[in-house]
Amino acid sequence: MENKTILLGSRPHGTPTIENFEFTQTDLSPLQEEEVLLKALYVSVDPYMRGRMSDAKSYVAPYEVGKPIMGGVVAEVIDSKNEKLQKGTVVVGNLPWQQYIVHHGKGLNSIDPNMSPLSYHLGILGMPGLTAYFGLLHIGQPKEGETVVVSGAAGAVGTVVGQIAKLKGCRVVGIAGSDDKINFLKNDLGFDEGINYKTTSNIKEAVAAACPDGVDVYFDNVGGEISDAVIFSLNKFARIAICGQISFYNNTSPATGLRVEPILLKKSAMMKGFIVSDYAEEFGKAARELASWVKEGKLQYQETVKEGFDQIPEAFLGLFSGENTGKQLVKVAEREY
Ligand SMILES: NC(=O)c1ccc[n+]([C@@H]2O[C@H](COP(=O)([O-])OP(=O)(O)OC[C@H]3O[C@@H](n4cnc5c(N)ncnc54)[C@H](OP(=O)(O)O)[C@@H]3O)[C@@H](O)[C@H]2O)c1
């Protein structure tokens with residue numbers, strides 16, 4: 001049976017390239033007691049994986065050169081020696097980029113295929129949705145009538161942040177990298193304003209114009225010059241949730257920029273970084289609330305799906321050139337059962 005695996009072939013210097021990934025064939029051993037055979041259905045590609053491709057110490061261990069890339073995968077149990085994971089069960093877990101996987105059966109979460117499309121568990125009902133939920137509601141603490149700005153607005157996290165902020169009665173301004181994305185945010189997701197940072201000559205003025213009452217909450221997915229510009233429009237007691245800094249992920253030297261401290265001081269503003277796993281104990285409740293908002297049609301969901309296992313590296317690289325709108329996924333196979 002063909003069973004491709006994608007390994008980290010080499011560590012990138014700067015922007016990753018296709019050469020940093022290596023395809024190999026993996027043989028499958030016969031199942032032992034408690035083990036299951038998984039067939040990958042959907043693979044998630046996420047910006048944080050760029051950090052793991054480097055050997056710098058971070059909140060998750062680096063990938064090892066010559067070892068499989070790991071990440072969020074939705075898979076189907078197609079053979080089983082584990083009573084709790086029968087054939088046909090669909091699971092989500094942290095799994096290798098591999099078509100078929102012999103797995104020990106621990107740490108997999110079963111998902112109900114009748115509740116929502118399977119891919120949602122890697123997006124709006126999975127890690128990115130939870131990230132939006134906790135970063136906005138716990139750190140941003142948006143109140144009715146306030147202005148919320150989100151950067152990386154048209155991506156997996158940003159699209160959910162803006163919509164939850166709308167549910168909370170806020171004015172929402174999204175910053176993203178194309179006119180199509182801005183139109184999507186305004187026309188399909190109900191954002192009040194959008195700024196295309198790639199075509200706007202003065203982003204600081206554009207933010208000020210889009211936020212006539214100032215900025216109460218800034219949800220930062222990108223960092224860098226975009227964030228510097230937003231910070232000049234902060235209101236007194238503003239809250240900044242530092243979720244991601246994708247504009248730096250491919251830097252080869254430390255980024256420099258605005259000194260934010262005097263501004264935060266004068267505005268009595270709060271800036272806080274977070275990792276979604278900080279809120280792990282509350283995941284269940286949040287996932288249920290997200291699911292009910294999706295079911296009630298209060299949250300729209302967008303994904304960009306590439307087809308075929310071989311497309312995984314390209315899909316990942318596309319995150320850094322803004323090819324995705326909403327959650328970027330790769331559909332690897334159909335369900336068997
Ligand atoms: N703290 C946490 O626990 C946590 C969890 C999940 C994600 N994150 C972070 O949240 C951010 C968004 O993640 P996501 O999964 O939702 O990804 P995403 O937004 O779906 O995809 C990445 C997007 O970033 C934008 N981008 C790429 N390079 C950029 C640059 N140099 N400057 C500005 N924008 C750039 C692109 O959109 P444009 O077309 O708009 O440029 C691209 O579509 C990432 O920084 C990620 O690391 C953090």
Side-chain angles (χ1 to χ4, degrees), residues 14-16 43-54 58-60 71-72 94 119 122-124 126-136 138-140 149-164 173-185 189 191 194-200 203 218-230 240-251 255 257 271-280 282-283 286 301-306 315-330:
T15 304
V43 169
S44 177
V45 291
D46 295 273
Y48 79 87
M49 294 171 161
R50 171 64 186 87
R52 297 194 71 185
M53 293 174 80
S54 299
S58 186
Y59 62 95
V60 265
N94 186 44
S119 59
L122 297 172
I124 197 160
M127 187 275 281
L130 292 167
T131 302
Y133 182 98
F134 288 110
L136 181 68
H138 283 234
I139 300 174
V149 174
V150 53
S151 56
V157 175
T159 48
V160 183
V161 169
Q163 292 184 85
I164 298 178
V173 176
I175 304 175
S178 77
D179 288 347
D180 283 348
K181 290 187 180 186
I182 299 300
N183 290 336
F184 163 70
L185 295 175
L189 301 189
F191 282 47
I195 299 169
N196 177 349
Y197 73 92
K198 288 189 180 160
T199 55
T200 302
I203 182 101
Y218 174 43
F219 192 104
D220 183 13
N221 279 316
V222 306
E225 288 172 13
I226 293 173
S227 296
D228 288 356
V230 177
I240 301 175
I242 309 278
C243 173
Q245 300 283 288
I246 195 168
S247 70
F248 302 151
Y249 292 174
N250 296 323
N251 279 15
M271 186 183 240
K272 188 179 183 318
F274 73 102
I275 302 298
V276 63
S277 54
D278 299 345
Y279 299 95
E282 298 171 65
F283 277 1
Y301 182 52
Q302 178 76 19
E303 41 190 36
T304 301
V305 184
K306 281 193 185 281
F316 170 74
L317 298 176
L319 295 171
F320 299 95
S321 47
E323 279 174 31
N324 60 306
T325 301
K327 174 68 196 152
Q328 179 70 61
L329 294 168
V330 181

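The shown structure was predicted, so the numbers you read here are calculated from the model rather than taken from an experiment. Atoms within a ligand are numbered from 1 in the order they appear, just like the ligands themselves.
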Hey, what polar pairs (N/O, under 3.5 Å) does ligand 1 make with protein?
| unit_1 | atom_1 | unit_2 | atom_2 | d |
| --- | --- | --- | --- | --- |
| ligand 1 | 1 (N) | C243 | O | 2.9 |
| ligand 1 | 1 (N) | F274 | O | 2.8 |
| ligand 1 | 3 (O) | V276 | N | 2.8 |
| ligand 1 | 10 (O) | N221 | OD1 | 3.2 |
| ligand 1 | 16 (O) | A156 | N | 3.2 |
| ligand 1 | 16 (O) | V157 | N | 2.8 |
| ligand 1 | 20 (O) | A156 | N | 2.8 |
| ligand 1 | 20 (O) | N324 | ND2 | 2.9 |
| ligand 1 | 21 (O) | N324 | ND2 | 3.3 |
| ligand 1 | 34 (N) | Y197 | OH | 3.2 |
| ligand 1 | 37 (O) | K181 | NZ | 3.4 |
| ligand 1 | 39 (O) | K181 | NZ | 2.6 |
| ligand 1 | 40 (O) | G177 | N | 2.8 |
| ligand 1 | 41 (O) | Y197 | OH | 2.5 |
| ligand 1 | 43 (O) | N324 | OD1 | 2.6 |
| ligand 1 | 45 (O) | N221 | O | 2.8 |
| ligand 1 | 45 (O) | Y249 | OH | 3.1 |
| ligand 1 | 47 (O) | Y249 | OH | 2.7 |

D180 and S178 side chains, donor-acceptor separation under 3.5 Å: no

pair R50-F316: side-chain heavy atoms closer than 4.5 Å: yes

K272 with D220: basic N within carboxylate O range, under 4.0 Å: no

Whether Y279 and F134 hold their rings parallel, tilted or perpendicular, with breakpoints at 30° and 60°: parallel

Side chains of T159 and Y301, donor plus acceptor under 3.5 Å: no

Side-chain heavy-atom pair N221, V150 within 4.5 angstrom cut-off: yes

